[in-house]
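Data block below; observations after.
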Amino acid sequence: MILTVTMNPSVDILYRIKEFKLDNVNRTTPKKFLGGKGVNAARVSSILGEKTLVTGFIGGFNGKYFSKHLNDLSPTERPMKNEFVYSEFETRNCITIMHDTELQTEINEMGFTVNNSEIESLYKKIEQSINSYDIDIIVLSGSLPKGTPNSIYFDLMKFIKSLNTSIQIILDTSDEILKRTIELCSENNIYPDAVKPNLQELQSISNLKTDSIDELINSTDIKNIPIILVSKGSKGCFAKIYGKKFSATVPKIIAINPTGSGDATVGALAYALQNSLSNKALLKCCMTAGLCNTLEENIGYISKETYNQYYSKILIKNL
């Protein structure tokens, strides 16, 4: 079973505007989705065939909307189980504006401030889930709400490993949170089992001025993580899996909405680890899910039929 932790979920609002006019009135019809990296990942894991639980913080009117619509896009036979910690404060909105043919502008609210009591409740939720369900994979993902220490992902990893050393942990975060988490991992020799940075995130951690992904990985303590997937967008992916290097190439497509493709990749990674897929099958699974997300209007969603159609078109090479 897969548990995802989304510290800072959101209600995502998509606007499509043919020609965006700055400093003027733009009229369109919004489309709402439930967001947050871990929620998106769990949804994709569920579509691929795994049972999932979701936790983190939600609250206010948006929190109620979140709970009501959590499984709108999930398979009816495998709904995500809601284990969120509830706050009196409002869950944030994240706005994506698709405009002028190929441009995408995002406006992401910071979210509410959590207190120590709510953080303690999250730890209890995770412990209860591990004790009550057969949890094999835990995904820690996304930005942090105000009030949480920047060490919390490392703290959660250490806590999870103290409860069950066999649980595999996927880390999917960015910027200073990623940098600080890797620093603490290095200092304590406790690492996640998998991580999914992009090139820019690797460059921000490394002191090297290079576009060589392999060199960037080897110049940081990320190299100590068993599974490293580095997205290259439409150019595919570089992967280092248990010491072996691979490249993945994806077919050319016309994207409908790329938002959430990284989350879909992480959801597929959790599914692949849960099912002990081979290195190449794992990478094909991840790349296919990420690709399929771009072909959907919905965020953090894939069609199983489309997944089956594109799986054989993902090319994996040893490096």
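When a residue number appears, it is its place in the shown sequence, counting from 1.
In plain terms, the two heavy atoms of Ile169 and Leu140 that are nearest each other are CG2-CD1, 3.9 Å. The minimum heavy-atom distance between Ala239 and Leu229, with the atom names listed, is CB-CD2, 3.6 Å.
Partners of Lys161 according to the salt bridge (charged side-chain N to carboxylate O under 4.0 Å, His left out) rule, which considers only residues two or more places apart in sequence or in another chain, are Asp193. Taking Tyr65 as the reference, His69 meet the ring-ring contact (aromatic ring centres under 6.0 Å, His included) condition, with sequence neighbours excluded.
Residues Leu70 and Val54 form a side-chain contact, since some pair of their non-hydrogen atoms from C-beta on lies under 4.5 Å apart. Ser121 is not listed as a side-chain neighbour of Phe57, based on a closest heavy-atom distance of 4.5 Å or more. Proximity of Tyr153 to Leu144: side-chain heavy atoms (C-beta onward) are separated by under 4.5 Å at one or more points. Using a 4.5 Å heavy-atom cutoff, the side chains of Leu216 and Asp211 are not in contact.
Side-chain atoms of Asp136 and Gln274 form a donor-acceptor pair, as typed in the model, at a separation below 3.5 Å. Side chains of Asn62 and Thr91: no donor on one and acceptor on the other come within 3.5 Å. Between the side chains of Glu106 and Gln104, at least one donor-acceptor pair of N or O atoms lies under 3.5 Å. Remark: the Ser45 side chain and the Glu50 side chain contain no N/O donor-acceptor pair separated by less than 3.5 Å. Under the 3.5 Å distance criterion, with hydrogens and angles disregarded, no donor-acceptor pair is assigned to the side chains of Asn8 and Lys37. Thr294 and Ser261 share no donor-acceptor pair across their side chains, judged by distance under 3.5 Å alone.
Sorted by first and then second residue, the salt bridge (charged side-chain N to carboxylate O under 4.0 Å, His left out) pairs involving residues 230-250 (not counting sequence neighbours) are Asp214-Lys245.
A cation-pi contact, defined as under 6.0 Å to the ring centre and within 45° of the axis, links Lys284 to Tyr311.
Taking 4.0 Å as the cut-off between side-chain N and carboxylate O, Arg16 and Glu297 count as a salt-bridged pair.
Ring geometry, Phe84 versus Phe66: the interplanar angle exceeds 60°, so the pair is classed perpendicular (tilted spans 30 to 60°).
Checked by atom type and distance alone, the side chain of Asn188 never pairs as donor or acceptor with a backbone atom of Ile190 at under 3.5 Å.
Criterion: ILVMFWY side-chain heavy atoms under 4.5 Å apart, direct or through other members. Under it, Leu163 and Val85 are part of a common hydrophobic cluster.
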